[in-house]
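Comments concern the structure below.
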Amino acid sequence: MAALTTISDIGTHEGQAVIIRGWLYNLRESGKLLFPIFRDGTGTIQGVVAKNAVAPEVFDALKGLTQESSVIVEGKVRADKRAPGGYELDVNNVQVVQRVPDSDPYPISLKEHGVDFLMEHRHLWVRSPRQAAILRVRAEIIKAARDYFDDRGFVLTDPPILTPAACEGTTTLFPVDYFDEQAFLTQSGQLYIEATAMALGKVYSFGPTFRAEKSKTRRHLTEFWMVEPEVAYATLDDIMELAEGLITTIVQRCLERRRRELETIGRDLSKLEQVTAPFPRITYDEAVKKLQEGFEKGALETKFEYGGDLGAPDETYLASQFDKPVMVHRYPAKVKAFYMEPDPQRPDLALCVDVLAPEGYGEIIGGSQRIGSYEQLRQRIQEHDLPEEAFKWYLDLRKYGGVPHSGFGMGIERAVAWICGLEHVRETIPFPRMLHRMYP
RNA sequence: UCCUCAGUAGCUCAAUGGCAGAGCAUCCGGCUGUUAACCGGAGGGUUGUAGGUUCGAGUCCUACCUGAGGAGCCA
């Protein structure tokens with residue numbers, strides 16, 4: 001009796017009869033020889049069907065079979081130097097579970113397609129080997145991030161998705177009807193995990209966040225996932241170290257366990273192998289100096305003025321100076337969020353950090369030490385014109401046993417895009433939500 | 001929201017203001033080692049929408065629609 005197996009494990013069954021359950025990826029015919037390529041989600045393998053070696057109904061079932069028809073195939077595994085994966089399957093039986101109709105063939109051919117067409121068929125596009133590999137890397141990154149925190153005594157505490165108010169007043173929110181009230185989809189779990197950090201010490205959240213920004217770039221989605229740690233008694237330096245450890249752990253894990261997928265995607269692995277601690281740390285002041293030098297040298301189009309936030313070309317230029325992620329800390333407080341602790345040495349600066357990924361992938365982590373003082377926080381809320389009553393509970397955290405604490409958020413999609421070396425974050429999530437796309 | 005670009009067969013793209021084309025996919029035929037297989041044949045079109053200029057518009061003009069790339073904002 002043939003053993004049920006997957007294509008990824010087929011090498012362990014050399015010389016044996018196996019059963020593969022999957023789909024027809026492609027079919028090449030050469031007279032009385034058929035070369036069907038099967039995929040099952042774990043990989044692809046070429047079958048060989050000679051007319052005089054199989055029952056007529058088996059040959060007829062495969063001859064002319066349409067792309068992406070679902071099939072259960074039985075055959076004998078044979079090592080073959082000509083096969084890209086090292087093995088071929090001598091088919092001796094096949095069951096067509098569902099045949100894709102000739103009149104309405106599978107739309108995504110092996111030839112090239114445009115972005116719009118592929119996005120319109122995202123539900124089918126995810127079947128392609130490259131997209132499937134990206135989703136496997138994404139899953140590995142999420143697993144590695146969660147293992148990193150779980151192994152260090154962090155507790156996963158999930159913040160709500162439906163929230164009564166903005167976390168950061170500046171960004172746009174998606175409103176939703178909540179019975180007789182208006183609620184908003186969360187744009188960060190941070191404020192809530194500050195509360196659970198005061199309860200449990202070290203916590204993190206992992207979940208979707210929503211931002212109704214009309215951003216139309218390769219780095220933006222309206223719905224994206226973040227992993228956010230928050231640590232009681234931690235300083236900015238503590239969480240910079242934590243961020244550095246998280247990134248190196250994730251990259252290392254992908255190199256260990258998803259090397260084959262990264263190769264399928266065509267990632268330059270040597271770039272990832274350079275990602276080791278310690279990462280360069282520069283202050284905002286030093287970054288400004290580098291940006292102004294960059295302008296002098298003609299590498300940047302506009303001269304960076306001290307006091308502003310970094311734009312995308314600025315981040316790209318800074319990151320290009322290093323072969324590993326660079327941590328930029330202590331930005332001017334006025335360009336940053338209301339909850340950030342001022343630097344005691346320079347109160348005009350915030351104790352915050354952005355981690356910029358190499359190769360132009362931009363900010364993948366943003367974090368800070370949070371304001372500890374009740375009065376100062378209340379003042380900032382007023383300065384930012386935020387509704388104080390909505391933040392009453394948040395202010396309570398400074399009233400009842402307030403401590404220095406810090407945390408950061410890492411955007412999963414940007415991390416995936418960087419590690420996979422993708423042009424656009426839309427390929428890093430199964431069904432991206434963007435300014436101009438809600439379907440499928 | 002702003003700037004730039006694009007929209008022609010199911011897909012990817014051609015077509016100087018003058019007959020609407022190719023490759024892939026589909027269908028028919030051929031091929032016993034193919035690697036996005038190849039070879040021969042067939043079918044397949046409201047050129048994004050609405051106006052306008054012109055003897056004549058896929059091509060030029062106007063508006064709109066849809067999408068892409070970028071900016072700002074952000075992870």
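Protein chains get the first letters and strands the later ones, always in sequence-line order, with residue 1 at the start of each.
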Qualifying residues under salt bridge (charged side-chain N to carboxylate O under 4.0 Å, His left out), relative to A:Arg380, sequence neighbours excluded: A:Glu383
Salt bridge (charged side-chain N to carboxylate O under 4.0 Å, His left out) partners of A:Lys32, counting only residues at least two apart: none
Interface with RNA chain B, restricted to residues 43-53 of chain A and to heavy atoms under 4.0 Å: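 Contacting residues: A:Gln46, A:Val48, A:Asn52.
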Counting only heavy atoms and a strict 4.0 angstrom limit, can you tell me which residues of residues 223-230 of chain A come near RNA chain B? A:Phe224, A:Met226
Reading RNA chain B from 5' onward, which residue's closest nucleotide shows up sooner: A:Asp116 or A:Ser215?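 Looking at RNA chain B, the more 5' nearest nucleotide goes with A:Asp116.
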RNA chain B: A:Arg414 or A:Leu435, which has the more 5' nearest nucleotide? A:Leu435
Contacts table for residues 415-423 of chain A: side-chain donor-acceptor under 3.5 angstrom, sequence neighbours left out:
none

Under 4.0 Å, heavy atoms only, any strand: does [X] hit a base, just the sugar-phosphate, or nothing?
X: A:Glu88; answer: base
X: A:Leu34; answer: nothing
X: A:Arg130; answer: nothing
X: A:Asp309; answer: sugar-phosphate
X: A:Ala312; answer: sugar-phosphate
X: A:His424; answer: sugar-phosphate
X: A:Glu363; answer: sugar-phosphate

How many Å lie between [atom1] on [X] and [atom2] on [N], as a whole number?
X: A:Asp104; N: B:G10; atom1: CG; atom2: C1'; answer: 9 Å
X: A:Lys214; N: B:G69; atom1: NZ; atom2: P; answer: 18 Å
X: A:Phe35; N: B:C31; atom1: CZ; atom2: P; answer: 15 Å
X: A:Ile419; N: B:A75; atom1: CD1; atom2: P; answer: 19 Å
X: A:Lys336; N: B:C73; atom1: NZ; atom2: P; answer: 11 Å
X: A:Leu310; N: B:C73; atom1: CG; atom2: P; answer: 10 Å
X: A:Met434; N: B:A68; atom1: CE; atom2: C1'; answer: 11 Å
X: A:Trp418; N: B:A75; atom1: CH2; atom2: P; answer: 18 Å

Ring centroids only, cut at 6.0 angstrom: are A:Tyr394 and A:Tyr339 within range, meaning strictly under it?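 For A:Tyr394 and A:Tyr339, the ring centres are not under 6.0 Å apart.
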For the rings on A:Phe38 and A:Trp23, is their centre-to-centre separation under 6.0 Å? no
Atom pairs, N/O to N/O, protein against nucleotides 21-30 of chain B, distance under 3.5 Å?
unit_1: B:C27; atom_1: OP1; unit_2: A:Asp102; atom_2: OD1; d: 2.5
unit_1: B:C27; atom_1: OP1; unit_2: A:Asp102; atom_2: OD2; d: 3.1

Among [options], which nucleotide sits nearest the side chain of [X]?
X: A:His436; options: B:A75, B:U32, B:G67; answer: B:G67
X: A:Lys32; options: B:C74, B:U12, B:C31; answer: B:C31
X: A:Phe117; options: B:C11, B:U32, B:A68; answer: B:C11
X: A:Glu213; options: B:C73, B:G69, B:A36; answer: B:C73
X: A:Leu33; options: B:G33, B:A36, B:A71; answer: B:G33

Write down the distance separating the [atom1] atoms in [N] and [M], rounded off to the nearest Å.
N: B:G48; M: B:G58; atom1: P; answer: 10 Å
N: B:A42; M: B:G51; atom1: P; answer: 37 Å
N: B:G17; M: B:U59; atom1: C1'; answer: 7 Å
N: B:C24; M: B:A36; atom1: P; answer: 14 Å
N: B:A6; M: B:C60; atom1: P; answer: 10 Å
N: B:U8; M: B:U66; atom1: C1'; answer: 15 Å
N: B:C73; M: B:U47; atom1: C1'; answer: 39 Å
N: B:C65; M: B:G40; atom1: P; answer: 47 Å

Please determine if a side-chain N or O atom of A:Arg426 lies less than 4.0 Å away from the OP1 or OP2 oxygen of B:G69.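 It does, given that an N or O in the side chain of A:Arg426 lies less than 4.0 Å from OP1 or OP2 of B:G69.
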A:Arg82 side chain near B:U34 phosphate (N/O to OP1/OP2, under 4.0 Å):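 No.
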Under 3.5 Å for both donor-acceptor distances, Watson-Crick or wobble: does [N] have a partner, and if so which one?
N: B:G18; result: B:C55
N: B:C24; result: B:G10
N: B:C73; result: none
N: B:G67; result: B:C5

Salt-bridge criterion met for A:Asp237 and A:Arg281 (N-O under 4.0 Å):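 Judged by the 4.0 Å cut-off on N to carboxylate O distance, A:Asp237 and A:Arg281 do not form a salt bridge.
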Partner residues of A:His121 under the ring pair (Phe, Tyr, Trp, His ring centres under 6.0 Å) criterion, sequence neighbours left out: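 Ring pair (Phe, Tyr, Trp, His ring centres under 6.0 Å) list for A:His121, sorted by chain: A:Phe117.
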Residues in ring pair (Phe, Tyr, Trp, His ring centres under 6.0 Å) with A:Tyr204, at least two apart?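 Once residues adjacent in sequence are excluded, the partners of A:Tyr204 under the ring pair (Phe, Tyr, Trp, His ring centres under 6.0 Å) criterion are A:Phe149.
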So do A:Glu413 and A:Trp225 actually touch side chain to side chain, heavy atoms under 4.5 Å?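 Yes, side chains in contact.
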When you look at CD of A:Glu301, are more than 12 heavy atoms from neighbouring residues, nucleotides or ligands closer to it than 6.0 Å?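 No, CD of A:Glu301 has 12 or fewer neighbouring heavy atoms, counting only those of other groups under 6.0 Å.
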Sequence neighbours left out, what passes side chain to side chain contact (heavy atoms under 4.5 Å, CB included) with [X]? Give chain and number order.
X: A:Val77; result: A:Ile10, A:His13, A:Val18, A:Tyr87, A:Leu89
X: A:Ala197; result: A:Val203, A:Glu230
X: A:Gln67; result: A:Tyr106, A:Leu110

Value for CD1 (A:Ile45) from OG (A:Ser8), rounded to nearest 0.5 Å, stands at 10.5 Å
Who are the side chain to side chain donor-acceptor pair (under 3.5 Å) partners of A:Asp238, not counting sequence neighbours?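 Checked A:Asp238 against side chain to side chain donor-acceptor pair (under 3.5 Å); matches are A:Thr235.
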Base B:C11 to side chain A:His113, donor-acceptor N/O within 3.5 Å cut-off: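 No.
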